[in-house]
Amino acid sequence: MDVTAPGASGMDVIATAGHVDHGKSALVRALTGMEPDRWAEERRRGLTIDLGFAWTRLSSGRRLAVVDVPGHERFVGNMLAGVGSVPAALVVVAADDGWSAQTAEHVSVLDALGVRHALLAVTKSDLADAAPVLADVRERLAATSMGEVPGVAVSSVTGAGVPELAAALERLLAGLPAPDAAAPVRLWIDRAFTITGAGTVVTGTLAAGTVAAGDRLVLGDREVGVRGVQSLGEPVERATATARVAVNLRGVAVEDLSRGDALLTPGAFRLTDVVDVTLDAPPEDPLPAEPVVHVGSATVGARLRPLDGAAVRLRLTRPLPLRVGDRLLLRDPGARRVLGADVRDVDPPELRRRGAARQRGAELAAQPVGDAGAAADLARRRIVRAADFAAMGWPAPAGATELGPWLLAPGLADELGARVPDVVARYRRLRPLEPGPPAEVVRRALDLPGADLVPALVREPLMLREGRVVDGAADLPPQVQRAVDAIRARLVLDPFAAPEAPELVAAGLGVRELAAAVRGGQLVKIGEGVYLAPGVDGVARTRLGTLAQPFTLSQARQAWGTSRRVAVPLMEWLDARGVTERLPDNSRRLR
Ligand SMILES: Nc1nc2c(ncn2[C@@H]2O[C@H](COP(=O)(O)OP(=O)(O)OP(=O)(O)O)[C@@H](O)[C@H]2O)c(=O)[nH]1
Ligand SMILES: [Mg+2]
């Protein structure tokens, strides 16, 4: 099945909005023939308390699901959970009452959420002239994220205007941006219940991605299986956004679920309880210190810390699966005020130094919003796990280097690679007997998050051998290595017994082979044709320390137990390295 085709489970989802009693539920009923008020109490009181769901097939064949929200101010939390994942709104205002308190509140919620697609229905047109209300409300909506909104006068009692409303809905839905069917799933749960025989079922509005039976999803810190999927009351093989879905879950009890939990594609999201966000504009009124944060169907408390300008940091009371680019709604529980905020960073840097908050705010102000901010964010992080970066909501920026599981800021791999030879040289100076530093030493020296990055940063002629970074150009062919090993073994027993020239020739060690052994740190060249083991300077010094100072070359030669062939260049070599000091009478003493 082609999951990208709009017909895979194809539908659109719209949410109602508007003042209590303005006729939202009656209009949904007139439009769909279904009863959105699910509870007996709602029907008895004629009042919507919780979210209601209804659907219909429009005349074009397009299917429409409606999330009906309560208008009463006490249930604004439920209203927020209903509109949180829905791309379009049906704003309902009664002709006999006009713009009212919850009309204003709901419209500011839609505005703060950045809802761009809406339709206005002026209901109860049988009771009063709808025209002035249409004009007034359209003008007010024009100043919001919804902009120029088409309006229709309807009566749910007489049915007048309902076909026109359906036609206007068709036009609105045709203009909605296509959701990304391949995106990871983040299904904000709005209901959880059990069905006898089936078990745990959750429902929600799928805003992106696809859910299919057999999928594994993550819920908090547990993995759950999708047993089956229903959409609009029918079992489906899979449901593709946008869709109302009911998901039958394996591996979780209904008691462990609540509204605001999210079903996630494994690995695609990270839970965070600290986010940096930017408000739509630097606020004029003081900001609430403890706003309530709404996203999807979730509601959590937060502590707000102003950074600079419109940027603020939110510390959430409960971690949420948030991504850069998410839209949050901040509600001031004291005042009737809502603020819209864009998530800019879900793993922000700690603010320790004085002035760090202000600087961070300025940094966010300078950083482009959306995907273009990825480069700046990666530049700050330098190195990050690619999967982690993607789970934050960022695309890999142009020029970034992918090394195994890591993502490096543009240019950083070359910069680090160029530092490796220095690290190796420094190590070799301190430990000349070792072929090179262990990878872990290089990792620490370059401050890398993982030793697995080291091999990727090692450039020729350096290479990784047996867990160490060594000079690959100094690699010896096997029989040469065997000859060098034999010499080194003998030098362990007698550190000053440099092999004679004929012996070197017989072993196949010519100038080139010996030079490679020296480059590789296996031998040191003391003078022309004189090779000893690295570290010989230390042994030589120890033996000289047993002599009365100053001493002659001949005394040194005897202390070392070697010939003049070796002693003469060794003495000069030690002079040159500052181990010994040559006196005017040609005698030496240790420095
Ligand atoms: N005359 C007339 N009455 C209507 C119309 N639409 C709704 N009503 C009545 O208005 C009252 C409220 O309608 P609802 O649909 O429950 O209003 P609501 O907006 O869903 O209210 P809440 O969900 O509580 O916010 C009911 O008694 C309806 O019968 C209409 O077009 N004409
Ligand atoms: Mg209602």
Side-chain angles (χ1 to χ4, degrees), residues 13-56 64-84 86 88-110 115 118-134 136-137 140-141 149 151-169 190-191 203 205 244 259 297 336 338:
V13 185
I14 195 168
T16 60
H19 193 77
V20 62
D21 258 356
H22 274 200
K24 295 179 293 298
S25 301
L27 184 58
V28 171
R29 223 174 284 130
L31 202 62
T32 66
M34 288 178 73
E35 175 55 63
D37 284 334
R38 293 176 289 130
W39 309 107
E41 186 192 350
E42 291 179 313
R43 293 205 282 271
R44 196 177 62 243
R45 293 169 64 185
L47 177 82
T48 305
I49 296 168
D50 201 358
L51 302 173
F53 307 96
W55 54 89
T56 188
L64 174 66
V66 186
V67 179
D68 185 34
V69 308
H72 197 284
E73 60 176 311
R74 270 186 47 210
F75 310 128
V76 66
N78 292 340
M79 181 271 177
L80 281 158
V83 299
V86 173
L90 177 61
V91 179
V92 174
V93 184
D96 63 343
D97 203 18
W99 183 267
S100 307
Q102 269 74 52
T103 323
E105 186 171 20
H106 284 195
V107 164
S108 57
V109 161
L110 298 174
V115 173
L119 180 61
L120 168 65
V122 173
T123 52
K124 309 197 185 184
S125 64
D126 54 303
L127 297 182
D129 182 9
V133 176
L134 272 171
D136 173 53
V137 177
R140 293 174 190 262
L141 293 178
V149 168
V152 181
V154 291
S155 167
S156 303
V157 170
T158 68
V162 174
E164 287 80 358
L165 182 77
L169 276 169
D190 48 38
R191 278 189 302 158
T203 68
T205 302
R244 282 296 306 171
R259 176 174 287 176
S297 60
R336 263 210 192 159
V338 294

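Just so you know, ligand 1 is whichever comes first in the structure, and atom 1 is the first atom listed for that ligand.
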Looking at [atom], what's its closest protein heavy atom, distance included?
atom	result
atom 14 (P) of ligand 1	G23 CA, 3.7 Å
atom 21 (O) of ligand 1	D21 N, 3.0 Å
atom 5 (C) of ligand 1	K124 CG, 3.5 Å
atom 3 (N) of ligand 1	V157 CG2, 3.6 Å
atom 28 (C) of ligand 1	A26 CB, 4.6 Å
atom 32 (N) of ligand 1	D126 OD1, 2.9 Å
atom 23 (O) of ligand 1	T48 OG1, 2.6 Å

One thing to verify: whether R45 and E41 come together as a salt bridge, which I'm taking to mean a side-chain N less than 4.0 angstrom from a carboxylate O. yes
If the contact criterion is a heavy-atom separation under 4.0 Å, does G18 count as touching ligand 1? no
Looking only at heavy atoms, which two atoms of F75 and L47 are closest? And how far apart? CE1-CD2, 4.0 Å
Less than 4.5 Å apart, side chain to side chain, heavy atoms only: is that true for V83 and V115? no
With a cut-off of 4.0 Å, which atoms of ligand 1 are near a heavy atom of [X]?
X	answer
S155	31 (O)
K24	15 (O), 17 (O), 18 (P), 19 (O), 20 (O), 21 (O), 22 (P), 25 (O)
V20	24 (O), 25 (O)

Between L127 and ligand 1, which residue portion shows a heavy-atom distance shorter than 4.0 Å: side chain, backbone, both, or neither? side chain
Any idea which part of T16 is under 4.0 Å from ligand 1, heavy-atom wise: side chain, backbone, both or neither? neither
Under 2.8 Å from the Mg ion (ligand 2), the protein N, O or S atoms, given as residue and atom: S25 OG, T48 OG1
Applying side chain to side chain donor-acceptor pair (under 3.5 Å), can you list everything that pairs with N78, at least two apart in sequence or on another chain? R259
My understanding is that only residues two or more places apart in sequence, or in another chain, count here; which of them pass side chain to side chain donor-acceptor pair (under 3.5 Å) with H106? none
May I ask whether atom 7 (C) of ligand 1 is less than 4.0 Å from at least one protein heavy atom? yes
Does one side chain, of D190 or S297, offer a donor that lies under 3.5 Å from an acceptor on the other? no
Excluding sequence neighbours, so at least two apart, what forms side-chain contact (heavy atoms from CB on, under 4.5 Å) with A153? S125, A130, L134
The single option from I14, L51, V28 passing side-chain contact (heavy atoms from CB on, under 4.5 Å) against V67: L51
